[in-house]
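Below is one structure, written out as structure tokens; comments come after it.
Lettering of chains follows the sequences in order, A, B, ..., and the numbering in each one begins at 1.
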2 protein chains.
Amino acid sequence: MIKQMQKRTLETRARLMAVATQLVAQNGYAALRTEEVVQGAGVAKGTFFSHFKDKDALMDLLIGAGIDRHLDDMAQATPPATVEELVALHRPLLRFMTQERYVFDVILRLSGAAAVEEIGAIATTFGRYIDLTAAWFRRGGFRRDIPAELLAEGMQAFLTQVMALNFCALHDDQKMEARLEVYFQAWLCPKV
Amino acid sequence: MIKQMQKRTLETRARLMAVATQLVAQNGYAALRTEEVVQGAGVAKGTFFSHFKDKDALMDLLIGAGIDRHLDDMAQATPPATVEELVALHRPLLRFMTQERYVFDVILRLSGAAAVEEIGAIATTFGRYIDLTAAWFRRGGFRRDIPAELLAEGMQAFLTQVMALNFCALHDDQKMEARLEVYFQAWLCPKV
DNA sequence: ACATTAAATTGACTGCGGTCATTTTAATAT
DNA sequence: ATATTAAAATGACCGCAGTCAATTTAATGT
């Protein structure tokens, strides 16, 4: 049966993922070594790369899952009516994405799919983010002279900007959120 | 004399830079190998790393110089009065920054200084970009409800966004500029 | 049972960035 | 001239991601 072979494959992959998740929980993302993962899973180095294109592909899944959890929470919450609420809703996501410089780098690198066919986990979450925030804007309460999708894309741009600036000097959550609020205000509620 | 020692140091560094520049002109940024650079300069591997913290530090200088050349041109040009002119002014810079995926990655990684003390070449050019565009906005012609500096920072955010999206699917300058115009219009000339 | 075949796994090997104890160079003191 | 000393240069070495020809596993045909 083909099922059998697939089963072995899936088991190995699940084992690799489980070990990787465990190691990340222990030592963080940047410290993850493929060598440790394969040792923990009891397979050879090459097996790792027959399951994942490269280390980034694994990170894409791990970090993408993390982002997804936060988007779930955001989708669950009541839609924000003010910029303050909007910023507050972003806090956990922001914290997750900037927990390590390495994590942010990976997100930046993988936030756009390399090709149309193979859209990665992180790139998918960015699409989700656009959909989610666009839905908020369609409910009204913010500027209406441009499409909600465009508003959402701008959010993404400013989110990235704020996180990038955050790594410039000293890591300071307070500053990050303050800056985000300024950007969001200017983008979502222009007073011309 | 202390001068003598400094001279040797400067000569070696200049030789490394010259060889690196030459190699990049030949094969592009991503293909540069430190091994080739030191061989071309006639020094040992370790010498490279006593002159540059890491490979990124060299790239910072090379790419930073490239960006600076384009900023020189932009500063020379007559200040843009419309969004179309603004986008047109960005064309060469945009082309340079997206000539290689690797170049864009390096720019993203180094656009924020890691620490306050050591602001790199690329990070400096981003400061220059803010100053330049802020000066344009202070002349008027665009929205005035927020500080020119903030407007400029938004430009940077959208510029990054457009370049990132550019690497998502097929590389297409036309689309990149079109998208940039939409963003700039919405950011600089809100019609609320 | 046995042969065939395709997928899954293996691990020695490569490429390349980066390190560091050691050696060389050259400026200054005696 | 010679000793001293600090900077500069050296290159063997390391860590780690990623490769690939060879081997094992397991499903299918006869």
Side-chain angles (χ1 to χ4, degrees), chain A residues 1-20 23-24 27-63 100-103 105-106 109-110 114 118 120, chain B residues 1-20 23-24 27-63 100-103 105-106 109-110 114 118 120:
Chain A
M1 285 172 284
I2 294 175
K3 282 284 177 62
Q4 279 295 350
M5 263 206 291
Q6 285 186 340
K7 198 174 153 200
R8 179 170 59 144
T9 305
L10 291 178
E11 276 172 5
T12 303
R13 166 178 279 254
R15 204 135 27 85
L16 287 168
M17 288 291 293
V19 172
L23 286 171
V24 164
N27 315 316
Y29 291 90
L32 192 73
R33 298 284 168 267
T34 59
E35 195 57 48
E36 289 182 307
V37 176
V38 295
Q39 269 175 25
V43 296
K45 188 93 168 273
T47 301
F48 179 96
F49 291 97
S50 69
H51 282 269
F52 307 101
K53 183 181 162 291
D54 50 27
K55 196 182 165 187
D56 268 4
L58 171 65
M59 284 301 172
D60 188 44
L61 293 175
L62 293 176
I63 296 174
E100 288 178 44
R101 169 80 219 211
Y102 173 74
V103 170
D105 281 346
V106 171
R109 207 174 325 124
L110 304 183
E118 38 143 330
Chain B
M1 287 170 281
I2 294 175
K3 282 283 177 63
Q4 278 296 349
M5 265 206 290
Q6 286 186 339
K7 198 173 154 201
R8 178 168 62 144
T9 306
L10 291 178
E11 276 172 4
T12 303
R13 167 178 278 253
R15 204 137 26 87
L16 287 169
M17 288 291 292
V19 172
L23 285 172
V24 164
N27 315 317
Y29 291 90
L32 191 74
R33 298 284 167 268
T34 59
E35 195 56 48
E36 289 181 308
V37 176
V38 296
Q39 269 175 23
V43 297
K45 188 94 167 269
T47 301
F48 179 96
F49 291 96
S50 68
H51 282 270
F52 307 102
K53 183 180 163 293
D54 50 26
K55 196 183 164 186
D56 268 5
L58 171 64
M59 285 300 171
D60 188 44
L61 293 176
L62 293 176
I63 295 175
E100 288 179 43
R101 169 81 219 212
Y102 173 74
V103 170
D105 281 346
V106 171
R109 206 173 328 124
L110 304 183
E118 37 144 329

I'd like to check the side chain to side chain contact (heavy atoms under 4.5 Å, CB included) partners of [X]; sequence neighbours left out, ordered by chain and number.
X	result
B:A57	B:F52, B:K53, B:D54
A:A31	A:N27
A:A14	none

Taking [atom1] from [X] and [atom2] from [N], how many angstroms apart are they, rounded to a whole number?
X	N	atom1	atom2	value
B:Q39	C:dC16	CD	P	12 Å
B:R13	D:dA8	CZ	C1'	13 Å
B:F52	D:dA8	CZ	P	14 Å
B:E11	D:dA8	CD	P	13 Å
B:R8	D:dA6	CZ	P	16 Å
B:E36	C:dG17	CD	C1'	14 Å
B:K7	C:dA26	NZ	P	11 Å

Would you please confirm or rule out a distance under 4.0 Å between OP1 or OP2 of [N] and any side-chain N or O of [X]?
X	N	value
A:T12	C:dA8	no
B:T47	D:dA8	no
B:H51	D:dA8	no
B:T9	D:dA8	yes

Query - Under the salt bridge (charged side-chain N to carboxylate O under 4.0 Å, His left out) test, residues paired with B:R109 that sit two or more places apart - result: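 Residues passing salt bridge (charged side-chain N to carboxylate O under 4.0 Å, His left out) with B:R109: B:D56.
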
Query raised in the report: Is the closest side-chain heavy-atom distance between B:L32 and B:M59 below 4.5 Å?
Result: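 B:L32 vs B:M59: side chains touch.
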
**Report entry** A:H51 side chain reached by A:T9 side chain, heavy atoms, under 4.5 Å
**Finding:**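 Result yes, sub-4.5 Å side-chain heavy-atom pair found.
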
Using atom types as modelled, flag every donor-acceptor pair under 3.5 Å from a side chain in residues 35-49 of chain A to any protein atom, sequence neighbours excluded.
none

Could you list, one pair per line, each protein nitrogen or oxygen that sits under 3.5 Å from a nitrogen or oxygen of nucleotides 13-17 of chain D, together with the distance?
{"unit_1": "D:dC16", "atom_1": "OP1", "unit_2": "A:R33", "atom_2": "NE", "d": "2.8"}
{"unit_1": "D:dC16", "atom_1": "O5'", "unit_2": "A:R33", "atom_2": "NE", "d": "3.4"}
{"unit_1": "D:dA17", "atom_1": "OP1", "unit_2": "A:K55", "atom_2": "NZ", "d": "2.9"}
{"unit_1": "D:dA17", "atom_1": "OP2", "unit_2": "A:T34", "atom_2": "N", "d": "3.3"}
{"unit_1": "D:dA17", "atom_1": "OP2", "unit_2": "A:T34", "atom_2": "OG1", "d": "2.8"}
{"unit_1": "D:dA17", "atom_1": "N7", "unit_2": "A:K45", "atom_2": "NZ", "d": "3.2"}

